[in-house]
Amino acid sequence: MDGRDIGDMRQLTCVGPNELEWREVPTPVLQGAGEALVRPIAVARCEIDPFLTSGLLPSNGAFAVGHESVAEVVALGDDVRHLEIGQRVVVAFQLSCGGCGSCGAGHSANCDAYPVLSDYGMQPLSGVEYGGMLSDLLRVPHANAMLCPVPEGIDPIALASVSDNVLDGYRTVAPHLAEQPGARVLVVCHGSRSIALYAVQAALALGAASVDFACDDAAALALSEKLGARPIPTDFGRRAERYPIVADCGVREEGLRYAIASTEPEGVCHSATFLPQPMVGLPLGKLYTLGIRFFIGRAHSVSLLPRVMPLIEQGRLHPEEVTTQLADWEQAPLAWLDDTIKLVVTRA
Ligand SMILES: [Zn+2]
Ligand SMILES: [Zn+2]
């Protein structure tokens, strides 16, 4: 297929702080044999999206929105072997080639072929517009790596957030429960509510003896209890107990400090926290003295999907139980700004 103009399509675009609208943009076309075009059908709002659309992070003009989705394959290059037209796929939100040293090592978030933060829907972070998933078509430059087939019989709406926030929840607990099977887990939620709740689900699915959920948000506390955690209302001033595994999910320094304070000596605190300020103080002396291991970093979308999808397929993980609002595609410009734990926008 060549690059000729085949008209425009609609794309949800952030045009100013908390101002979203459908805009006509050029329809993407295949540019190589390893590429695919997909049509998103269920798009979830990520915990970072409100930071982007609120204008907190400066953008280079208007930008496409949305980076967690399930889509249908519309066009495939000749080198894409494992997919068919019409098939439903989870789309990795980070652009990654699948063939470089970093991708081979499982570090697909930092693929050698792309500048850092080369993600869909995140032009304010990367400075590059790769398109957004609330659009009629999306170009996927490395289809073999970046598209993961939706298993037979799984509702695509249930998988809308699985390329990113579900993986975030999983990665905060999975490696540590593998190392300490049956350990008690504390999830600290100071923002990023859906990630924290996905962490609860993952910890229970992976055999944690118990999961406590420390939070100051009534809706998240209530949902955590429904999912099987013990809710601990807190203002993050004083820890309740110490735990061998602590998942830190949110956006506030006092929450991060509470998470570290709640970690046992020789325990693990794994942070999925994104703090926009450039410098945050950590109690390194305490971490050193107590031997607390502190992990932080972004999810590796392509590398983690094959580990999480089987859990969903086996009925051990139910991400749809965290979804608190479904919105019709046409309502996206307003619904995208609603204050709800996990929003999923779907085509009728
Ligand atoms: Zn995200
Ligand atoms: Zn790569």
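Start at 1 and go down the list; that is how both ligands and their atoms are numbered.
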So that I can tick it off, tell me whether [Y] and [X] are bridged by a salt bridge, with the cut-off set at under 4.0 angstrom between side-chain N and carboxylate O.
| X | Y | value |
| --- | --- | --- |
| D248 | R257 | no |
| E21 | R23 | yes |
| D164 | R45 | no |
| R184 | E264 | yes |
| E68 | K342 | yes |

Are there more than 12 heavy atoms of other residues, nucleotides or ligands under 6.0 Å from atom CD of E84? no
Would you say the side chains of Y198 and D168 form a donor-acceptor pair under 3.5 Å?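 There is no such pair (donor and acceptor under 3.5 Å, judged by atom type) between the side chains of Y198 and D168.
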If you measure only the distance, is there a donor-acceptor pair under 3.5 Å linking the side chains of T13 and Q11? yes
Using a cut-off of 2.8 Å, find all protein N, O or S atoms closer to the Zn ion (ligand 1) than that distance. C46 SG, H67 NE2, D164 OD2
Taking the Zn ion (ligand 2) as the centre, how many protein N/O/S atoms fall inside a distance shorter than 2.8 Å? 4
Mind checking whether H67 and F93 have ring centres under 6.0 Å apart? yes
